[in-house]
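Right, one structure below, let's go through it.
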Amino acid sequence: MSTATRHQTTELDRVVIRFAGDSGDGMQLTGTQFTSVSSMFGNDTATLPDFPAEIRAPAGTLAGVSAFQVHISDHDILTPGDQPSVLVAMNPAALKTNVGAVAPGGTVIVNVDAFDERAFEKANYTSNPLTDGSLVGYKVYEVPMTSLTMEVAKAAGVKPRDAERSKNFFALGLVSWLYSRPVDGTLGWIEKRFASTPLVLDANTRAFKAGYNFGETAELFEVNYQVRPAALEPGVYTNITGNTALAWGLIAAAHQANLPLFLGSYPITPASDILHELSKHKHFGVRTVQAEDEIAGVGAAIGAAFGGSLGVTTTSGPGADLKSESVGMAVSLELPLLVINIQRGGPSTGLPTKTEQSDLLHAMYSRHGEAPVPIVAPMTPSHCFEVAIEAARIAVKYRTPVIVLSDGYLANGAEPWRLPDPATLPDLRVEFATETNHTEEDGTPAFWPYVRDEETLARPWAVPGTPGLEHRIGALEKEDGSGNVSYDPVNHERMVHLRAAKVAGIAKDIALLEVDDLGGIGAAPVLVLGWGSTFGAIAAGVRRVRARGLSVAHAHLVHLNPFPSNLGEVLGAYDKVLVPEANLGQLAKMVRADFLVDARTLSKVQGVPFRAAEIEEVVLEMLGATSGTTIDEEDVAS
Amino acid sequence: MTDTQIPVTTRKDWTSDQEVRWCPGCGDYSILAALQMLMPDLGVRRENTVFVSGIGCAARLPYYMNTYGMHSIHGRAPAIATGLAVSRPDLDVWVITGDGDSLSIGGNHLIHALRRNVKITILLFNNQIYGLTKGQYSPTSEQGKVTKSTPFGSLDTPFNPVSLALGAEASFVARTHDMDRKHMQEMFRRAHDHNGAAFVEIYQNCNVFNDGAFEKITSKDARADNLIPLVHGEPIRFGAELEHGVVMEPDGRLRIAEVADVGEDALLVHDERRDEPGLAFQLSRLARGPYEPTPIGIFRAVERPEYGAAMTKQLLEANERRGPGDLTSLLASGGTWTVEA
């Protein structure tokens with residue numbers, strides 16, 4: 001491809017692009033590859049995939065639209081962007097469902113071949129949106145993607161019926177030209193990905209080049225753009241989604257703990273990718289069982305934990321409901337167990353492919369009885385790696401189930417990640433019991449499974465195969481120490497308190513809550529307290545507020561149970577506390593109950609993450625300021 | 001554990017210090033005794049033996065075995081045992097369950113453990129009643145059963161546990177009863193030695209809530225005419241004088257006949273290793289319930305790949321192909337780029 005161009009190249013500091021098409025159009029693949037090539041080019045990137053729960057809703061309908069938004073930038077960014085500046089719409093339905101999100105004056109590139117009467121009807125358009133004036137205010141480019149793709153694909157020898165399937169590569173080529181992306185990376189990727197189907201490989205390659213060349217030669221576009229590499233911290237980077245980071249974090253945790261990793265899981269959106277990823281890595285000794293149901297998944301993990309594995313189960317909301325009884329048993333058995341909940345919209349089946357943070361109280365309280373479970377939540381896709389390791393650290397050290405609350409946004413969103421040096425990962429090695437720990441009245445040595453470590457209150461982990469430590473554990477209440485079944489009322493109360501104290505005591509062993517307040521803790525009039533995936537939007541919103549010369553503080557919880565030991569102190573240092581959550585105020589309820597603070601909830605349950613502007617607006621209101629002019633946080637490097 | 005010699009043990013070594021708390025006269029006592037007395041003969045170590053149970057009267061058994069054990073939650077023992085057995089192929093994992101535990105609330109786990117053929121030995125104590133909750137009908141209770149929850153008689157058709165196990169692709173299926181220690185031990189031994197999921201249904205008397213449920217076939221004077229021992233390679237016959245036998249009709253149905261009428265050569269010869277499970281299924285349905293001549297013994301014992309071993313093989317092959325896992329190359333496996341200082 002020629003690099004000479006008649007076009008003028010304009011420098012941009014950032015751009016938000018949304019690819020939208022039919023579920024079968026390959027928009028996720030297109031967006032992912034565009035992200036990957038941009039990351040490798042050196043941009044900072046953040047993504048927001050948005051796809052329907054139906055695998056293939058009827059083609060061309062509004063229900064079948066699948067979209068992928070990517071934010072690329074020459075400085076560090078925190079979110080996939082509030083508003084796309086460019087929309088690529090492969091059909092009228094994709095245009096209809098997505099154009100409303102595009103920034104005023106933004107660019108809309110449509111596959112004009114897909115705009116006909118039948119398609120309008122399916123998309124509930126009563127007139128042609130390209131000609132009826134509804135797109136006034138946008139720069140609209142009509143590109144005959146299908147016909148141009150078919151021409152080159154047919155030349156490759158692909159059947160006419162299949163030829164048009166390469167059109168997403170045409171779109172990828174066109175947008176790659178428009179944003180001056182290097183082409184070699186994508187061409188190499190196409191070659192690798194479609195190596196087993198040479199015809200498709202050839203057609204996709206041709207379509208990609210045709211799209212690129214179309215941009216350059218068609219005189220449709222006046223300018224193209226360049227987004228320079230960001231000044232990221234030096235190091236080796238990869239692009240990673242939350243689910244992949246979580247899976248790798250589990251492998252790393254097992255490696256650091258010197259325990260075999262065992263996953264018991266039942267497929268469920270949006271958690272299945274962790275099962276898929278872990279199933280690939282058998283050379284790490286990872287055992288995965290696709291169980292018959294959610295309960296069996298967690299049951300098998302508990303069985304493996306009894307045998308000395310790092311037992312893990314992965315799921316999402318409905319599955320988390322089903323696992324509750326078993327997690328309660330793990331509380332009673334005091335065995336290490338990781339329960340990964342990739343939250344999605346609820347209640348019930350709810351919104352399988354959309355994100356939400358509405359399982360916090362479920363994680364806290366879904367079990368009957370007094371059954372405390374530590375909870376940790378990742379903040380960004382790459383942070384899932386670290387959080388998986390932290391969850392494992394707590395589980396093996398304290399012999400307790402730990403719940404990880406990720407969500408659909410983190411699971412599928414991707415960002416560049418500076419690879420950690422494995423040598424710097426924490427040592428999670430744990431010693432199995434090998435000796436008896438009690439002497440019976442008659443002087444014979446015995447093993448008591450519920451004798452506790454004074455420091456951690458953890459009981460010994462004695463795995464089958466260890467001679468002399470044969471013992472029985474069970475879900476009935478047991479006697480403190482001996483572990484024998486006990487219905488004694490006072491003993492029960494003691495055990496309830498011991499289990500609670502063990503989990504509460506973890507607070508001594510976790511990092512203090514850090515507060516981002518430029519003037520020091522308590523300096524700003526408003527604290528924004530978040531947890532989990534709201535991190536990016538809150539941090540970006542805070543940047544916007546600060547860009548106006550105003551003060552606001554941000555603290556983000558990773559540990560939700562127990563809370564960091566300084567949380568009360570931090571909350572007490574602020575007059576006003578705002579808690580943005582993708583639920584109706586679950587963390588707010590918890591901090592109100594624990595600390596009697598008048599925390600204000602900012603709720604959003606639309607299946608999509610907060611936008612920075614939404615955080616900014618409420619913070620400004622709490623500061624008594626007005627929003628007035630728009631300030632874009634992403635123009636302000638941190 | 002460099003010492004490969006299995007220590008000589010006695011029943012006492014396999015008996016825990018916990019007081020047994022079943023109702024006096026319960027059939028569970030004889031099953032427990034049969035098991036504890038058998039263990040020293042199995043050539044296994046206490047520390048490598050794990051009993052996993054769910055909920056119900058039978059599920060208390062692990063507390064009484066001086067081995068590793070887990071008394072878990074209702075119905076889930078096969079799932080828990082699956083995770084344990086798959087991740088620890090060196091262990092002997094037993095599942096102790098009842099008709100409510102594994103055929104009602106835990107039905108799904110039972111059939112899938114059998115289908116997968118995980119190396120676990122499942123002993124199902126079938127007393128056709130819910131004992132621990134004080135006498136409701138169970139999924140194996142006969143239709144019309146009058147209990148506290150069915151004062152006008154139960155409406156459900158019962159499960160036939162042996163038929164169910166065969167339908168779930170079980171590779172080892174047997175039936176025994178709590179009145180015959182020797183037969184129980186023979187079944188338990190064979191089940192234990194089977195390389196895969198082994199299923200043993202034990203007719204067990206609940207003398208409090210369902211006394212005499214199996215009396216018509218297991219009482220000493222009824223046995224000869226009502227228990228049909230299945231012996232591999234032998235014609236299927238029973239009776240004090242072996243005067244009855246099982247024959248196959250021209251239309252394929254099985255029928256009980258008098259040997260004198262049909263002749264010895266007409267008797268069906270039992271083949272537990274038959275790959276095709278149809279005949280075993282027919283045998284499992286020869287009796288409509290435990291009140292008429294009922295086959296006991298091993299219905300089916302066939303070899304097929306054991307799940308845990310197959311998984312271990314995949315792990316070893318991956319290790320050979322790719323070398324042991326290395327975190328640095330894992331983290332770089334998605335493609336990387338370098339940002340220079």
Side-chain angles (χ1 to χ4, degrees), chain A residues 36 39-40 42 229 232-240 244 248 251-252 255 260 262 264 281-285 287 289 291-293 295-296 299-309 311 325-326 329 333 418-420 422 425 464-476 484-485, chain B residues 1 16 18 45-52 55 62-63 65-88 90-91 93 108-109 111-112 311 314-315 317-319 321-325 327-328 330-341:
Chain A
S36 160
S39 299
M40 293 211 176
L232 298 174
E233 223 180 309
V236 178
Y237 284 77
T238 193
N239 233 352
I240 196 145
T244 305
W248 291 1
I251 291 173
H255 181 268
F262 179 94
H281 299 290
K282 299 197 187 303
H283 61 306
F284 276 92
R287 285 182 158 83
V289 170
E292 58 271 23
D293 58 31
I295 300 171
I302 291 170
F306 185 55
S309 287
E325 187 196 13
S326 302
M329 173 172 73
L333 296 179
R418 193 164 68 93
L419 299 183
L425 297 177
T466 316
L469 305 194
E470 294 84 3
H471 66 280
R472 278 66 53 195
I473 55 176
L476 282 170
N484 291 332
V485 174
Chain B
M1 279 169 283
S16 80
Q18 297 297 297
R45 295 169 179 277
R46 282 194 305 126
E47 67 266 24
N48 288 347
T49 305
V50 186
F51 283 86
V52 182
I55 293 291
Y63 288 125
M65 299 298 295
N66 191 14
T67 63
Y68 284 89
M70 187 193 292
H71 175 216
S72 77
I73 46 177
H74 210 4
R76 315 305 169 201
I80 292 163
T82 293
L84 181 60
V86 162
S87 60
R88 289 290 304 275
D90 56 318
L91 301 177
V93 182
N108 202 27
H109 308 309
I111 59 175
H112 287 277
M311 184 180 290
Q314 282 191 343
L315 262 55
E317 282 168 359
N319 205 287
R321 211 169 49 242
R322 301 175 64 180
L327 285 182
T328 306
L330 172 71
L331 298 186
S333 62
T336 63
W337 68 95
T338 302
V339 173
E340 304 293 347

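Model, not experiment: these values are computed from the prediction. Within every chain, numbering begins at 1; the chains are lettered A, B, ... in the order of the sequence lines, protein sequences first and strands thereafter. FYI, side chains are in, hydrogens and waters are out, and symmetry mates aren't considered; it's all heavy atoms of this structure.
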Quiz item: With respect to chain B, which residue among Leu476(A), Leu232(A), Ile302(A) yields the maximal number of heavy-atom pairs within a distance under 4.5 Å?
Solution: Leu476(A)
Exercise. Look at Arg76(B), Arg321(B), His74(B) and state which one has the largest set of heavy-atom pairs under 4.5 Å with chain A.
Key: Arg76(B)
Self-check item: Euclidean distance, His283(A) NE2 relative to Leu330(B) CG, rounded to 0.5 Å
Solution: 7.0 Å
Quiz item: Given a strict heavy-atom distance threshold of 4.5 Å, which part of Ala341(B) is in contact with chain A: side chain, backbone, both, or neither?
Solution: both
Quiz item: Between Thr49(B), Asn319(B), Leu315(B), which residue shows the highest count of heavy-atom pairs closer than 4.5 Å to chain A?
Solution: Leu315(B)
Quiz item: Does some side-chain heavy atom of Arg287(A) sit less than 4.5 Å from a side-chain heavy atom of Ser309(A)?
Solution: no
Quiz prompt | Among the listed options Ala332(B), Gly75(B), Ala318(B), the residue most often paired with chain A at heavy-atom distances under 4.5 Å | solution = Ala318(B)
Quiz item: Top residue by heavy-atom pair count (under 4.5 Å) with chain B, among Ser36(A), Pro422(A), Gly235(A), Gly308(A)?
Solution: Gly235(A)
Quiz item: Which bit of Arg46(B) comes within less than 4.5 Å of chain A, counting heavy atoms only: side chain, backbone, both or neither?
Solution: both
Quiz prompt | Whether Phe284(A) and His281(A) hold their rings parallel, tilted or perpendicular, with breakpoints at 30° and 60° | solution = perpendicular
Quiz item: When heavy-atom pairs shorter than 4.5 Å are enumerated against chain A, which of Val93(B), Val50(B), Ile80(B) gives the highest number?
Solution: Ile80(B)
Quiz item: What part of Glu340(B) lies closer than 4.5 angstrom to a heavy atom of chain A: side chain, backbone, both or neither?
Solution: backbone
Quiz item: So which of Ile251(A), Ile240(A), Leu425(A), Val289(A) has the biggest tally of heavy-atom pairs under 4.5 Å with chain B?
Solution: Val289(A)
Practice problem: Mind checking ring pair (Phe, Tyr, Trp, His ring centres under 6.0 Å) for Tyr237(A) and listing every partner two or more places apart, or none if nothing turns up? | Solution: Trp337(B)
Quiz item: Can you list the residues that meet the ring pair (Phe, Tyr, Trp, His ring centres under 6.0 Å) rule with Tyr68(B), with sequence neighbours excluded?
Solution: His471(A)
Practice problem: Using non-hydrogen atoms and a 4.5 Å limit, figure out which bit of Met311(B) sits close to chain A: side chain, backbone, both or neither. | Solution: side chain
Exercise. Counting only heavy atoms closer than 4.5 Å, note whether Asn66(B) contacts chain A via side chain, backbone, both or neither.
Key: both
